[in-house]
Amino acid sequence: GEAVLDFDLAAGQSPALVQVTSDPPGAAIYLDYQPTGEVTPAVIDVGEIGTTDSIGNPLASHVVTLKRTGSPKPAPRTITPVEAETTVEHFDLTA
């Protein structure tokens with residue numbers, strides 16, 4: 001039989017992916033001010049890492065910041081990932 005896609009999954013069961021890129025590449029990616037261990041370019045699953053609020057609900061948005069030696073630090077960016085989709089965030093570090 002064919003697999004039937006179940007669209008009634010609870011929130012957080014499908015990955016919400018963010019492709020983080022930068023110019024120049026090689027910047028450390030921080031999610032909600034915590035290091036992800038990834039460097040640009042990379043795809044991070046913000047649904048999995050997702051931070052929760054004080055009562056345990058997953059946050060709808062996350063803050064992505066980058067750090068790269070020798071490059072200006074870009075402004076933190078608030079992203080709202082979409083479950084089961086990949087969004088792209090590009091940071092210009094050439095200022």
Exercise for review: Start with the C-alpha gap between Gln19 and Thr21, add the side-chain angles, then the distance that decides, and say whether side-chain contact (heavy atoms from CB on, under 4.5 Å) holds.
Suggested key: CA-CA 6 Å; Gln19 180 178 355; Thr21 61; 4.0 Å; yes

Exercise for review: Please report the C-alpha distance between Val20 and Ile44 in whole Å, then the side-chain angles of each, then the deciding distance to 0.1 Å, and finally whether the side-chain contact (heavy atoms from CB on, under 4.5 Å) criterion is met.
Suggested key: CA-CA 8 Å; Val20 185; Ile44 56 175; 4.1 Å; yes

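Note on Val63: it does not cluster hydrophobically with Leu17, by side-chain heavy-atom contacts below 4.5 Å among ILVMFWY residues. Transitive grouping of hydrophobic side chains (ILVMFWY, heavy atoms separated by less than 4.5 Å) keeps Val39 and Phe91 in distinct clusters.
Side-chain contact between Pro24 and Leu93: present, with at least one pair of heavy atoms (C-beta onward) separated by less than 4.5 Å. Val18 has its side chain out of reach of Val88: every pair of non-hydrogen atoms, C-beta onward, lies at least 4.5 Å apart.
In this structure, Asp32 contributes its side chain and Gln34 its backbone to no donor-acceptor pair below 3.5 Å. Between the Thr40 side chain and the Ala42 main chain, no donor and acceptor come within less than 3.5 Å of each other. At least one donor-acceptor pair under 3.5 Å links the side chain of Thr36 to the backbone N or O of Ile29.
For residues 72-82, the pairs satisfying side chain to side chain donor-acceptor pair (under 3.5 Å) are Arg77-Glu89, with sequence neighbours left out.
Contact record, Arg68 with Ala27: CB-CB, 3.7 Å, taken as the closest heavy-atom pair. The heavy-atom pair separating His62 from Val46 by the smallest distance is NE2-O, 3.8 Å. In plain terms, the two heavy atoms of Ser22 and His90 that are nearest each other are C-CE1, 3.7 Å.
Under a 4.5 Å side-chain heavy-atom cut-off, the cluster of Ile, Leu, Val, Met, Phe, Trp and Tyr residues that includes Tyr30 has no other member.
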